[in-house]
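Everything on this sheet refers to the single structure shown next.
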Amino acid sequence: EVVPPQADAVAERVTPLSIGIGLLEAIDDADILANAAATPVDPSITGWVRMTQPFEGGPMRASKMGWKGGVATALSFAADASLNEMGLTNRFITTENAPQGDASLLTIWDNVADPEDFPDPVTGLEKIDRLADFQVLFAGPPHTPKLGMTGEQVFEDIGCAGCHRSDPYITTGHAEGSVLTGVEVKPYTDFLIHDMGSLGDGIVDGPSTEGEMMTRTLWGLGLRQALLHDGRHEVSVLGFAGAVDASIQDHDGEAAFSRDNYNNLTQTEQDQLAEIGR
């Protein structure tokens, strides 16, 4: 694959952290709709809920995953990623992505009948079902960092929690049953779509425009090797605190006010803020 000359936007992606997404899927959509209806901490915040239809059917659901929203369930995520990352057609998506958009190349290089996923003869589950189950039941990361939560008050004071909601959610139900129901989770996100100005990726994805992105979860931040959607700030190069600082500096649009507040902090306060991600 090469970037065609007519492309007007090019964006890189890092793999999103997917541990604990069973708990995210089990968060009540009503809580996310309430986030959108709440009075913002700053008038510049105008986040909205991206509703989407799960591949497996049922009612429209609030987005819980996807850099720009658009994914509500682990099974939808598994089906979509199986096609786009591995070229595996499945019962929900039966059409291949043609190399360079040239369908004639499929007849040369792909002679396997679609859909390529099929039920396991022992369990009756397809690969996308097993992938979804693995991700759903993989425990979420710890909520409290090893170094404590000294910086959470700073986080609140400068407005970060206006989008990266710090109040916990209580899960209300999941197909996997009680193990994912009634659990308190603090993923640090409102799950809303926000205009991030220059931090946007320049790509339109359904109703999400060029500058809009969904608020990322911050739990498990210390497990990530690079920050932001395109991985531009590598922890191995900048150190963890340096990568956090650089990522905050890149925040724009609806997050500009909290970025400016951050820049008015003392160095000690900035260091405390970075440590809550450990």
Side-chain angles (χ1 to χ4, degrees), residues 1-18 21 44 46-52 55 63-72 76-90 92-106 108-110 131 163-164 189 191-218 220-221 223-240 242-256 258-259:
E1 297 283 344
V2 297
V3 178
Q6 65 268 32
D8 57 8
V10 178
E12 295 182 341
R13 287 282 191 270
V14 295
T15 303
L17 190 71
S18 61
I21 63 174
S44 63
T46 57
W48 54 277
V49 181
R50 180 173 174 180
M51 303 298 292
T52 186
F55 286 148
S63 295
K64 311 285 180 62
M65 305 154 223
W67 288 111
K68 300 172 84 76
V71 183
S76 293
F77 178 79
D80 186 70
S82 290
L83 175 75
N84 291 315
E85 314 305 333
M86 297 187 292
L88 182 69
T89 53
N90 52 75
F92 298 123
I93 312 176
T94 59
T95 303
E96 298 276 8
N97 288 327
Q100 293 297 133
D102 187 348
S104 66
L105 293 176
L106 287 175
I108 300 173
W109 299 107
D110 185 359
L131 289 171
C163 299
H164 293 284
T189 175
F191 297 102
L192 302 183
I193 308 296
H194 294 279
D195 185 349
M196 299 304 294
S198 61
L199 186 56
D201 59 6
I203 292 175
V204 174
D205 183 337
S208 300
T209 62
E210 293 90 339
E212 291 182 318
M213 308 292 287
M214 191 173 80
T215 306
R216 302 312 307 159
T217 61
L218 294 184
L221 196 64
L223 302 175
R224 305 177 198 182
Q225 301 303 308
L227 307 186
L228 296 181
H229 58 273
D230 53 9
R232 70 184 72 170
H233 301 309
E234 296 184 25
V235 174
S236 61
V237 175
L238 299 175
F240 182 76
V244 169
D245 176 79
S247 299
I248 293 173
Q249 299 300 344
D250 286 344
H251 276 55
D252 193 23
E254 295 178 36
S258 55
R259 176 203 63 207

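We count residues from 1, following the sequence as given. Treat the numbers as computed from the prediction; the structure is a model and nothing was measured.
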Within-4.5 Å side-chain heavy-atom neighbours: Phe55 and Ile93 = yes
In Å and rounded to the nearest 0.5 Å, what is the CG to CG distance from Asp230 to Asp250?
-> 8.5 Å
Within a reach of under 6.0 Å around CG of Asp8, are more than 12 heavy atoms found that belong to other residues, nucleotides or ligands?
-> no
Correct closest heavy-atom pair for Arg259 and Ile248 would be CG-O, 3.3 Å
Going by heavy atoms in the side chains, are Val49 and Ser63 under 4.5 Å from each other?
-> no
Side chains of Pro16 and Arg216 in contact at under 4.5 Å (non-hydrogen atoms) | yes
Do the side chains of Asn84 and Asn97 get nearer than 4.5 Å, heavy atoms only?
-> yes
Mind listing the closest non-hydrogen atom pair of Val10 and Val3 along with its distance?
-> CG2-CG1, 3.8 Å
Taking all non-hydrogen atoms of both residues, which atom of Gly202 and which atom of Ala9 are closest, and how far apart?
-> O-CB, 3.3 Å
Looking only at heavy atoms, what is the nearest atom pair of Val235 and Ala243, with distance?
-> CG2-CB, 4.2 Å
Does the side chain of His164 come within less than 4.5 Å of Thr215's, by heavy atoms?
-> yes
Lys68 side chain to Thr209 main-chain N or O, any donor-acceptor pair under 3.5 Å?
-> yes
For Met196, which of His229, Glu212, Met213 qualifies under side chain to side chain contact (heavy atoms under 4.5 Å, CB included)?
-> Met213
State the CG-CZ distance between Leu192 and Arg50, to the nearest 0.5 angstrom.
-> 13.5 Å
Got a second to check how far Phe240's CZ is from Leu221's CG, nearest 0.5 Å?
-> 4.0 Å
Identify the two heavy atoms, one from Ala78 and one from Leu131, that lie closest to each other, and give their separation to 0.1 Å.
-> CB-CB, 4.1 Å
Hey, what do you get for CD (Glu210) to CG (Asp195), rounding to the nearest 0.5 Å?
-> 10.0 Å
What distance separates Glu12 CD from Leu228 CG, expressed to the nearest 0.5 Å?
-> 12.5 Å
Does a side-chain heavy-atom distance below 4.5 Å link Thr89 with Leu83?
-> yes
Kindly give the heavy-atom pair with the smallest separation between Ser247 and Leu227, and that separation in Å.
-> OG-CB, 3.4 Å
Separation between OG1 of Thr189 and CE of Met214, rounded to the nearest 0.5 Å | 6.0 Å
Just checking, any donor-acceptor pair under 3.5 angstrom between side chains of Gln225 and Ser236?
-> no
